[in-house]
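Here the structure is laid out as structure tokens; the discussion comes afterwards.
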Amino acid sequence: QVQLVESGGGLVQAGGSLRLSCAVSERTFSDYAEAWFRQAPGQEREFVAVIKGNSRDRYYGDAVKGRFTISRDNDKSMVYLQMNSLQPEDTAVYYCAADRHFSGSYYTLPGRYESWGQGTQVTVSS
């Protein structure tokens, strides 16, 4: 069972930046695609970004494209989400997720991912 632990959330003013981190306990970390999702109160879990094990292929949700950047360090088994130009609508709990069988068609679906972290709260004030 892959274990994921997120950190780096907090309170930030609109226009500010935050960097989330996800520590992954998995010996074959580079075999997994790693993603970030978010969930605001009363809403469904929303795809944010995913990065394949090769660190080259990355995909983003429309709401964050151009503002957020996903990256990974396979030597440290870490995944990062750099969030710039944050807006109040970015307020949510952010989750890290792992998928060993990346699908080019379904990577935006939470059900594709086998393992999840506990989440970290991001709050953006206006």
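Under the rule for a side-chain contact (heavy atoms from CB on, under 4.5 Å), the partners of Val93 that lie at least two apart in sequence or sit in another chain are Tyr95, Gln121.
Between Ala40 and Ala92, the shortest heavy-atom contact is N-CB, 3.8 Å. Scanning all heavy atoms of the two residues, the minimum distance from Trp36 to Ser21 falls at CH2-O, 3.7 Å. Shown here for Gly117 and Glu6, the closest heavy-atom pair between the two residues is CA-OE2, 3.2 Å. The two atoms that bring Tyr113 and Val50 nearest to each other are OH-CG2, 3.6 Å, heavy atoms only.
Residues Ser115 and Gln1 form a side-chain contact, since some pair of their non-hydrogen atoms from C-beta on lies under 4.5 Å apart. Looking at Phe29 and Val2, their side chains never come closer than 4.5 Å, going by heavy atoms from C-beta outward. Considering only heavy atoms from C-beta on, Ser55 comes within 4.5 Å of Asn74 through its side chain. Using a 4.5 Å heavy-atom threshold, the side chains of Gln118 and Val5 count as touching. Tyr80 has its side chain out of reach of Arg72: every pair of non-hydrogen atoms, C-beta onward, lies at least 4.5 Å apart. Inter-residue side-chain proximity for Val122 and Leu18 is flagged as met; some heavy-atom pair is nearer than 4.5 Å. Residues Thr123 and Val12 form no side-chain contact, since every pair of their non-hydrogen atoms from C-beta on lies 4.5 Å or further apart. Looking at heavy atoms from C-beta onward, Glu114 lies in side-chain contact with His101 at the 4.5 angstrom threshold.
Ring centroids of Tyr94 and Phe37 are separated by 6.0 Å or more, keeping the two rings apart.
Rounded to the nearest 0.5 angstrom, Asp73 CG and Ser30 OG are separated by 11.5 Å.
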Evaluate the criterion side-chain contact (heavy atoms from CB on, under 4.5 Å) for residue pair Gln82 and Ser71; output intermediate values, then yes/no. CA-CA 8 Å; Gln82 177 66 43; Ser71 61; over 6 Å; no
Mind running side-chain contact (heavy atoms from CB on, under 4.5 Å) on Phe68 and Val48 for me, showing each step along the way? CA-CA 9 Å; Phe68 290 11; Val48 174; 3.8 Å; yes
Step by step, would you call Met83 with Asp90 a side-chain contact (heavy atoms from CB on, under 4.5 Å)? CA-CA 9 Å; Met83 305 186 294; Asp90 295 315; over 6 Å; no
Let me see the working for Trp116 and Cys96 under side-chain contact (heavy atoms from CB on, under 4.5 Å), right down to the final yes or no. CA-CA 6 Å; Trp116 292 84; Cys96 183; over 6 Å; no
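Looking only at distances, a side-chain donor or acceptor of Thr120 sits under 3.5 Å from a matching main-chain atom of Gly9. Here the side chain of Arg56 pairs no donor or acceptor atom with the backbone of Lys52 at under 3.5 angstrom. Thr91 places a side-chain N or O within donor-acceptor distance of the main-chain N or O of Val124, the cut-off being under 3.5 Å.
Residues Tyr32 and Tyr107 fall into different hydrophobic clusters, defined by Ile, Leu, Val, Met, Phe, Trp and Tyr side chains chained together at heavy-atom separations under 4.5 Å. No continuous path of hydrophobic side-chain contacts links Ile70 to Phe47 [ILVMFWY only; heavy atoms under 4.5 Å].
No donor-acceptor contact under 3.5 angstrom links the side chains of Ser85 and Gln87, judged on distance only.
Of the candidates Glu46, Glu44, Glu89, Arg38 forms a salt bridge (charged side-chain N to carboxylate O under 4.0 Å, His left out) with just one, namely Glu46. Just one of Leu4, Leu81, Asp99 meets the side chain to side chain contact (heavy atoms under 4.5 Å, CB included) condition when paired with Glu34; it is Leu4.
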